[in-house]
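For ligands, and for the atoms within them, numbers begin at 1 and follow the listed sequence. Since we're looking at a predicted model, the values are computed, not measured.
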Amino acid sequence: MPAESRLRPRLRVPAAGAGRFAPTPSGDLHLGNLRTALLAWLFARSTGREFGIRIEDLDTDRSRPDIADRQLADLAAIGLDWDGPVVWQSQRLDRHHAAVERLTAAGLTYECYCTRKEIQQAATAPHGPMGAYPGTCRELTGAERSARRAAGRPAALRLRSAVTEFEVIDEIHGCYRGLVDDFVLRRGDGTPAYNLAVVVDDSEQGFDQVVRGDDLLPSTPRQAYLATLLGFDVPRYAHVPLVLNRDGKRLAKRDGAVTLADRLAAGETARQVAAVLTNSLGTIASTPREALDRFDPETLSHSPWIFEPSGLLRRG
Ligand code: GLU
């Protein structure tokens with residue numbers, strides 16, 4: 001990775017707001033990821049916003065700098081550009097920890113000693129929402145906490161949520177109401193959790209528009225609620241349809257030639273791949289720039305796109 005991309009960027013909040021693409025560097029971007037990036041770019045540029053890239057590399061088991069470099073090269077190869085330096089999330093840890101401290105000082109966190117298995121086994125409250133943390137550690141006494149600490153269990157830090165649901169407005173899904181539980185803010189190993197980091201980074205980096213895959217829509221009420229607790233403005237959201245394979249499953253490496261490198265190896269050019277992606281949005285355009293003139297979020301299909309092994313995408 002270029003040395004300068006690792007420098008700590010200055011906090012720069014653009015006047016007209018900004019959109020972003022925030023890949024996890026755990027594998028090469030496939031056509032679905034590239035299409036999401038294209039949409040994030042179109043949403044930002046078509047509304048006069050800047051566009052930034054943040055590499056979400058907090059999960060050190062999954063993240064690799066060489067993959068991030070390839071992701072950036074692929075984005076550029078299909079004709080996307082971005083403003084300012086690429087930001088590496090791992091360089092913002094002090095900001096994430098500062099936010100956790102603010103929440104803790106306000107009495108909005110608690111330590112949780114549950115293992116993943118215990119959480120799965122614990123029956124959620126009879127009428128509690130499905131998939132919610134059951135609150136096992138929420139009301140531990142000081143003595144109970146000390147006993148668990150003494151047993152050497154690493155504690156995660158959870159949000160003490162005052163709500164069980166929160167509503168967000170999404171450009172594509174409209175009004176979406178979803179679960180907010182006592183979600184993890186800091187993992188047992190001390191790493192900031194995704195839901196915390198994304199909220200802090202989007203706000204502090206001036207990203208007021210969040211365009212990403214609609215698999216993340218269910219996490220969004222948690223993030224929007226957390227933003228309000230931290231005193232941040234809630235961004236404008238657009239959760240875009242994923243690309244699926246013919247079995248209706250999320251596109252993956254096993255589906256064939258799904259990355260730009262695969263497509264180039266099969267004899268296509270980056271320009272042709274960009275054209276397939278822009279056409280998949282229903283615009284007759286062969287480059288992102290051309291698509292920008294014709295982009296209308298109102299006409300964007302809400303259904304997933306199906307990847308055919310031929311490489312063509314069709315509406316699901
Ligand atoms: N890093 C996440 C991913 O690659 C995206 C997070 C986001 O856009 O908020 O799935």
Side-chain angles (χ1 to χ4, degrees), residues 17-44 49-65 67-72 74-75 80 82 86-93 95-96 99 166 168-173 176 178 180 183-185 187 191-227 230 232-244 249-253 258-260 304:
R20 72 352 173 234
F21 181 60
T24 301
S26 56
D28 286 334
L29 299 172
H30 58 55
L31 292 172
N33 306 131
L34 290 171
R35 186 171 183 270
T36 299
L38 168 64
L39 278 164
W41 183 90
L42 287 170
F43 267 95
R49 286 178 167 81
E50 292 195 346
F51 181 65
I53 308 270
R54 181 176 62 241
I55 302 289
E56 301 210 317
D57 59 340
L58 289 189
D59 187 342
T60 46
D61 292 341
R62 292 172 60 220
S63 301
R64 290 197 1 224
I67 292 180
D69 287 343
R70 286 211 298 277
Q71 293 180 331
L72 296 172
D74 287 356
L75 294 173
L80 303 186
W82 50 90
V86 170
V87 170
W88 296 72
Q89 198 163 42
S90 59
Q91 301 216 320
R92 296 186 35 82
L93 289 175
R95 303 305 309 156
H96 308 142
F166 201 73
V168 294
I169 306 293
D170 186 276
E171 306 264 349
I172 295 173
H173 297 263
Y176 176 85
V180 179
F183 56 94
V184 172
L185 302 170
R187 297 184 344 200
T191 312
Y194 159 66
N195 280 322
L196 180 277
V198 72
V199 168
V200 171
D201 291 346
D202 282 341
S203 171
E204 293 188 353
Q205 291 185 258
F207 295 137
D208 66 340
Q209 184 190 57
V210 170
V211 177
R212 56 189 178 189
D214 60 13
D215 53 328
L216 288 167
L217 185 59
S219 308
T220 306
R222 291 182 174 97
Q223 294 170 15
Y225 175 60
L226 181 60
L230 286 165
F232 299 151
D233 289 337
V234 174
R236 297 180 77 92
Y237 295 107
H239 286 87
V240 302
L242 296 178
V243 176
L244 305 179
K249 302 234 168 64
R250 212 185 289 189
L251 197 63
K253 195 113 196 86
V258 293
T259 66
L260 182 59

dist R35:CZ -> L39:CG (nearest 0.5 Å) comes out at 5.5 Å

For E56, the ligand 1 atoms with a heavy-atom partner under 4.0 Å come out as 1 (N), 2 (C), 5 (C), 6 (C)

Does any N/O atom on P23 come nearer than 3.5 Å to any N/O atom on ligand 1? no

Report yes or no: does R20 have a heavy atom closer than 4.0 Å to ligand 1? yes

Salt bridge (charged side-chain N to carboxylate O under 4.0 Å, His left out) test vs R20 passes for just one of D201, D208, D202, namely D202

Item to complete: Carefully, step by step, assess R212 and T220 under the rule side-chain hydrogen bond (donor to acceptor under 3.5 Å, both in side chains).
Response: CA-CA 11 Å; R212 56 189 178 189; T220 306; 2.9 Å; yes

One finds that the ligand 1 atoms under 4.0 Å from a non-hydrogen atom of R212 are 7 (C), 8 (O), 9 (O)

With heavy atoms and a 4.0 Å threshold, my read on which part of V198 contacts ligand 1 is side chain

Value for OG1 (T36) from CG (L29), rounded to nearest 0.5 Å, stands at 9.5 Å

Q) What's the verdict on side-chain hydrogen bond (donor to acceptor under 3.5 Å, both in side chains) for Q223 and N195, showing C-alpha distance, side-chain angles and the deciding distance? A) CA-CA 6 Å; Q223 294 170 15; N195 280 322; 2.9 Å; yes

Review point. Does R49 CZ have over 12 foreign heavy atoms under 6.0 Å away?
Key: yes

Under 4.0 Å from one or more heavy atoms of T24, ligand 1 contributes atoms 1 (N), 2 (C), 3 (C), 4 (O)

the protein heavy atom lying closest to atom 10 (O) of ligand 1 turns out to be L216 CD1, 4.3 Å

Of all protein heavy atoms, the one nearest atom 5 (C) of ligand 1 is A22 O, 3.4 Å

Short version for V210: what comes under 4.0 Å of ligand 1, heavy atoms counted, is neither

Heavy-atom contact check, 4.0 Å cutoff: does F21 meet ligand 1? no

CG (D215) and NE2 (H239) are apart, to the nearest 0.5 Å, by 8.0 Å

